[in-house]
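Atoms considered below: every heavy atom in the structure, side chains included; atoms not considered: hydrogens, waters and symmetry mates. Numbering of residues begins at 1 and proceeds along the displayed sequence.
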Amino acid sequence: MLRLVRHRLRLPRHRGTTAHVCSAYPFQAEAGLGARGVYLGTNVLTGGGGFAYDPFEAYGAGVVTNPNILLAGEPGMGKSAAAKCFIYRSVGVFGRWAAIADPKGEYLPLADALGLTVIKLHPGGTARLNPLDRGPGEGAGVSEEAARRQAAMLTALLGSVLRRDLGPVEDAALGWAVTHLGRQQRDVVTLDDVARLLASPTAEMAERARATPAELARSVEAVTYALGKLLERSLRGMFDGPTTVRLNPTGPGIVLDLSAVHHDPEALTLVMIATTAWLQTVLSAPTGPKRLQVLDEAWSLLGSERTTRYLQACWKLCRSYGVANVAIVHRLSDLRSQADDGTATAKVAMGLLADTQTRVLFRQAPDQVADARQLLGLTATEGRLLWKLSKGRSLWKVAGRTAVVQHVVARGDEQVICDTDSRMVA
Ligand SMILES: Nc1ncnc2c1ncn2[C@@H]1O[C@H](COP(=O)(O)OP(=O)(O)OP(=O)(O)O)[C@@H](O)[C@H]1O
Ligand SMILES: [Mg+2]
C-alpha cells in the first residue's frame, strides 16, 4: 500500500532589519527612508514599520536635492490631515516655523493647538497685508532682489486679471515703477502707489520708453485699469494699503484664513498670489528656525502657465531662505497648466515637479492614473496602486525611493485638528 508522506519545509523563524531583509528579498522589501524626521504612520512596504520624514533631514542626508513636498489626491482622502499632522509634529518636535495659506479656513484648530497667529482676510475687512512690504532683513528702499520679486508678483497678478501675458512696454513699466518707488526710501510702498505711478509716469520712465509721460500712460492703461479694478474689487481691503497685522516674532507661525474668497476661484487665485508675495517677505527673515510654507488648495495657483511660473519662482527664492514648501492639489492634471490658447502644457509643471522631489500621492481617479504615471514616472504597479489607495494611505515617492504609508492621526488633539467631516456626518 502506498503511503503518502507530506514533507514540509520547516525553517526557523527569522527576524531581520529592513536593511538586511531587502537584500534577501530585493524586489519585495523596501529599506524605508530611515528614522530621521517626525513619525507619520506605518510603511506597508516594510511590513508595517514606522515611517518618519523631515524634508530638511532628507536634504541634509542627500536623499533629496530640494526640500519641497507635493501632496496630491482626490477630495476627502486625507491630504490636509497628513499635512496638519506633519506640521503639528514638526513644530512640536523640531521647533519649525509654519506659514499656512488656508483657503478653506480649516487650519484654525491646528492654530489653536500650536498657538499660531491667525489672520483672517476678507474683502473690506480690517486685517490687511501689503504684498509690497519689505522683508525684515531689508532696510529703507528696495533691494534688487526684492524689486525683482515685486515685479514678478505684479506681472502674475495683472496677467491673471487680463488673462494674457503683459506686453514688453507694460512689463518694463511695472519694473520701472517698482524701481522708482524703491529708490524713494519710503517706509511703505503700496499697490495704490504703483497704480498712481502707472497713470502718471515720471519723466525718467517716459524717457526709458522713448515716449512722453502721456504716451507711456496710454500704452500701459490696460494694466493701470486692471490694477485699479483689483484694488476696488478682488483685493479690496485685503492687500490695498499698509499691513495692519502684527506678527509674534517668537511665535511658531501663522495661518492666513482665506475662506472668505474660497467660493470664487478667480478671486482666490489673485488672493493666493498676493498672499504668497507677502509670505515671501516674512519668510525671507535672515535668522530664525527652519520654516515650512504650506499652500493648501494650491491648484488655485496652477491654473495658468503664468501663475505656475510665479509659484515656481517663489519656490526657488524660498530655497535661499531655508524654507520647505508644501503644496496640496487634487489631480496631477492640475499641474498641466493651461496656455492662453487653451492647450494644456506640462512644460512649467515639469519644472515645478523637478523642484519638488517629495511626492505624496493619495488615491487618484482611474482617469488620472495615466497622467500621474507620465508626469511622475511611476511604474505600472504604482499606477494601479494609485486608484486602490484607501483614505489616509498614500504612495510616497522620494527622489526614486518608494513607500506606501498608512498615515496615523492620533486620538485626541490630532483628531480634532484633522476633522473636516463633522459637518458631513453630524
Ligand atoms: N489617516 C487618517 N486616519 C483617520 N482619519 C483620517 C485620516 N486621514 C484623513 N482622515 C479624515 O478624513 C477626513 C477627510 O480628510 P482631509 O480633510 O484631510 O481630506 P483632503 O484630502 O484634504 O480633502 P479635500 O481635497 O476635500 O481638502 C477628515 O475628517 C479626516 O479627519
Ligand atoms: Mg484638504
T190 vs D192, test: side-chain hydrogen bond (donor to acceptor under 3.5 Å, both in side chains). Steps then yes/no.
CA-CA 5 Å; T190 65; D192 249 340; 5.0 Å; no
Is any side-chain N of the basic residue among R164 and E170 closer than 4.0 Å to the acidic one's carboxylate O?
yes
Find out whether T307 and L302 are in side-chain contact, i.e. whether some heavy atom of one side chain is under 4.5 Å from a heavy atom of the other.
no
I'd like to check the side chain to side chain donor-acceptor pair (under 3.5 Å) partners of Q374; sequence neighbours left out, ordered by chain and number.
R336
For R148, check side chain to side chain donor-acceptor pair (under 3.5 Å) against everything at least two apart and list the hits.
none
Distance only, no hydrogens: is a donor on one side chain within 3.5 Å (strictly under) of an acceptor on the other, for D133 and T281?
no
Side-chain donor-acceptor pair present, D54, Y59, cut-off under 3.5 Å
no
Quick one: salt bridge (charged side-chain N to carboxylate O under 4.0 Å, His left out) partners of E266, sequence neighbours excluded?
R163
Is there a donor-acceptor pair closer than 3.5 Å between any side-chain N or O of N43 and the backbone N or O of F51?
no
Do we see a donor-acceptor contact under 3.5 Å between the side chains of W278 and N130?
no
In this structure, CG of L71 is separated from CG of L361 (nearest 0.5 Å) by 8.5 Å
If you measure from the Lys or Arg side-chain nitrogens to the Asp or Glu carboxylate oxygens, is any gap between R331 and D371 under 4.0 Å?
no
Side-chain contact test, heavy atoms from C-beta onward, threshold under 4.5 Å: evaluate it for L386 versus L378 and give yes or no.
yes
Check ring-ring contact (aromatic ring centres under 6.0 Å, His included) between Y53 and all other residues, then give those that pass, not counting sequence neighbours.
W396
Would you mind writing out the side-chain donor-acceptor pairs for residues 103-117 within the sub-3.5 Å range, not counting sequence neighbours?
residue, atom, partner, partner atom, Å
K104, NZ, E297, OE2, 3.4
E106, OE1, K84, NZ, 2.6
Y107, OH, D296, OD2, 2.6

For residues 355-393, pull every pair meeting ring pair (Phe, Tyr, Trp, His ring centres under 6.0 Å), keeping only residues two or more places apart or in separate chains.
F362-H407
